[in-house]
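One structure below.
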2 protein chains.
Amino acid sequence: MGSSKTHIFSIQHNELAQVAKVLAHPARIAILEYISKQEGCICNDLVDEIGLAQPTISQHLNEIKKIGLLQGTFEGKNLCYCIDQERWLELQQAFNNFFSNINLNCC
Amino acid sequence: MGSSKTHIFSIQHNELAQVAKVLAHPARIAILEYISKQEGCICNDLVDEIGLAQPTISQHLNEIKKIGLLQGTFEGKNLCYCIDQERWLELQQAFNNFFSNINLNCC
DNA sequence: TTATATTATCGTAATATTGCAATATTAAAT
DNA sequence: ATTTAATATTGCAATATTACGATAATATAA
């Protein structure tokens, strides 16, 4: 065991959970916030800013990338990351729907 | 290693990440949705509904409880869970703030 | 009190995540 | 082509998560 039984859940539930998993680490929250404060971002700044080793930051960036939240473009010699606006708003909507659709009539 | 370096991050970032972690499993999403559809809930129903073993459901409920999202009251011989409304709205707000405060000016 | 039903806890196995050192890759500058 | 700087990948160790069988605790009913 140890692995989630994803197959017994709906696609919607799995997808929301997958996105939540990316947000489930303070480094990734901090990275997203930091990137947004810059206009784009050079990865090496993140290493100084966040305080984790370069390979670790790179891994976290990859997790964020996997759910489509990062666009990367080259600018001079440095890779420049920025947040994918369309996907961002889509996820905002997804969370808001989840929180709004829940019925709060308590027993 | 293996454990998150939570101490290098802000309280806000850690708290949001902690909540996201609870939502980061489809079973817990499904449990929250199912509880909300009922008015309260008997755990054994969840076992049938979700399709995981009773101890596993109990563990998931405990994770949800830890972030203050469940109220439990006794009703007859069965424990009746329901969603804590105040906390729910608080978390909805927290996620919405996170998504709204991000600056989307791309490079 | 004893039986019954429901929920919680314990113990354990399988898998996932986190983090970093070492190394490789990539692209620009010389 | 070589050097330099930035980012990615690999390999591995430590810890966390997920899941469930066995068992304990809890509360009602008989």
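To find a chain, count down the sequence lines: A is the first, B the second, and so on, and within it residues start at 1. On a predicted model such as this, the values are computed, not experimentally measured, just so you know.
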Under-4.0 Å side-chain N/O to phosphate OP1/OP2 contact, [X] with [N]:
| X | N | value |
| --- | --- | --- |
| B:Tyr81 | C:dA8 | yes |
| B:Lys65 | C:dT7 | no |
| A:His60 | C:dG19 | yes |

I need the minimum non-hydrogen distance between [X] and [Y], along with the two atoms involved.
| X | Y | value |
| --- | --- | --- |
| A:Asn14 | A:Phe9 | ND2-O, 3.4 Å |
| B:Val22 | B:Arg28 | O-NE, 2.6 Å |
| A:Ile8 | B:Gly51 | CD1-O, 3.6 Å |

Send over the distance from [X] [atom1] to [N] [atom2], rounded to a whole Å.
| X | N | atom1 | atom2 | answer |
| --- | --- | --- | --- | --- |
| A:Leu52 | D:dA8 | CG | P | 15 Å |
| B:Ile8 | C:dT18 | CD1 | C1' | 12 Å |
| A:Leu70 | D:dT7 | CG | P | 13 Å |
| A:Asn14 | D:dT18 | CG | P | 13 Å |
| A:Glu63 | C:dT17 | CD | P | 7 Å |
| A:Leu61 | C:dG19 | CG | P | 13 Å |
| A:Ile35 | D:dT7 | CD1 | P | 11 Å |
| A:Ile31 | C:dT18 | CD1 | P | 11 Å |

Counting only side-chain heavy atoms from C-beta out, which of [options] sits nearest to [X]?
| X | options | value |
| --- | --- | --- |
| B:His25 | D:dT18, C:dC20, C:dA8 | D:dT18 |
| B:Ser4 | C:dT9, C:dA8, C:dT18 | C:dT18 |
| A:Arg28 | D:dT9, D:dA19, C:dT18 | C:dT18 |
| A:Lys21 | D:dT15, C:dG19, C:dT17 | C:dT17 |
| B:Lys5 | C:dC20, D:dT9, D:dA19 | C:dC20 |
| A:Gln59 | C:dC10, C:dC20, D:dA16 | C:dC20 |

Heavy-atom count around A:Gln92 CD within 6.0 Å, excluding the residue itself: above 12? yes
By nearest-nucleotide position on DNA chain D, the 5'-leaning member of B:Ser3 and A:Ser3 is B:Ser3
Please compare A:Phe9 and A:Thr56 by the position of their nearest nucleotide in DNA chain D and report the one closer to 5'. A:Thr56
State whether the distance check finds a donor on one side and an acceptor on the other, under 3.5 Å, for side chain A:Gln54 versus base D:dA8. yes
Hydrogens and angles aside, do B:Glu63 and B:His25 bring a side-chain donor and acceptor to less than 3.5 Å of each other? no
